[in-house]
Chemist: 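Have a look at the structure that comes next, please.
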Amino acid sequence: MSDPLERPAQAHAFDLKQAHEEGWTLLEGCGPDNDETHLVGLHCSDPQAWWRVATKAREGSAYHCDALARLSEGEREQIRLRFGPL
């Protein structure tokens, strides 16, 4: 089974509205070169949002796998360090 964090993103599967309903969002244009994408919590801490999305991806949700695949490598690495391999 492949690592959900390494799956290529499929634009048709990701819907920011669903993310907002789940209490998280993706912020694009972050970092010193404005080329990073981060996952942040809207009504919870960022680590709680990471946990929610990582757990759903681990369970096989294509939507959540696609969201994780959109993140910058540094952001994915932080999720791996906190929650282990998926």
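Numbers here are sequence positions counted from 1. Note that the structure is predicted; figures quoted are calculated from it, not measured.
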Chemist: Got a salt bridge between R80 and E73, using NZ or NE/NH1/NH2 to carboxylate O under 4.0 Å?
Modeler: yes
Chemist: First locate atom CD of E75, then atom CG of L39, and finally report the distance between them rounded to the nearest 0.5 Å.
Modeler: 6.5 Å
Chemist: Could you check R58, Q18, R52, E22 and say which one makes a side chain to side chain donor-acceptor pair (under 3.5 Å) with H64?
Modeler: E22
Chemist: If every non-hydrogen atom of R76 is compared with every non-hydrogen atom of L68, which pair is closest and at what distance?
Modeler: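 Closest approach of R76 to L68: CD-O, 3.3 Å.
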Chemist: Using modelled atom types only, decide if a donor and an acceptor are shared between the side chain of D46 and the backbone of V40 within a distance under 3.5 Å.
Modeler: no
Chemist: Is the backbone of K56 close enough, under 3.5 Å, to the side chain of Y63 for a donor and an acceptor to pair up by distance?
Modeler: no
Chemist: If I take atom NE2 from residue H38 and atom CG from residue L26, how far apart are they, to the nearest 0.5 angstrom?
Modeler: 10.5 Å
Chemist: What are the two closest non-hydrogen atoms of G23 and C44, and how far apart are they?
Modeler: O-SG, 4.0 Å
Chemist: Ignoring hydrogens and angles, tell me if any N or O in the side chain of T55 forms a donor-acceptor pair with the backbone of W51 under 3.5 Å.
Modeler: yes
Chemist: What distance do L16 atom CG and E28 atom CD have between them, rounded to the nearest 0.5 Å?
Modeler: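 Reported to 0.5 Å precision, the distance equals 8.5 Å.
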Chemist: So how far is it from D66 CG to D15 CG, rounded to the nearest 0.5 Å?
Modeler: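 Nearest 0.5 Å value for the CG-CG distance: 11.5 Å.
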Chemist: Specify the closest pair of heavy atoms between A67 and W24, including all atoms of both residues, with the distance to one decimal.
Modeler: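 Heavy atoms only, the tightest pair is CB-CH2, 3.6 Å.
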Chemist: Quick one: pull up CH2 in W50 and CD1 in I79 and give me the separation to the nearest 0.5 Å.
Modeler: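 If we round to the nearest 0.5 Å, W50:CH2 and I79:CD1 are 6.0 Å apart.
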Chemist: Examine the side chains of Q48 and S45 and answer whether a donor and an acceptor come within less than 3.5 Å of each other.
Modeler: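 Distance-only check passes for Q48 and S45.
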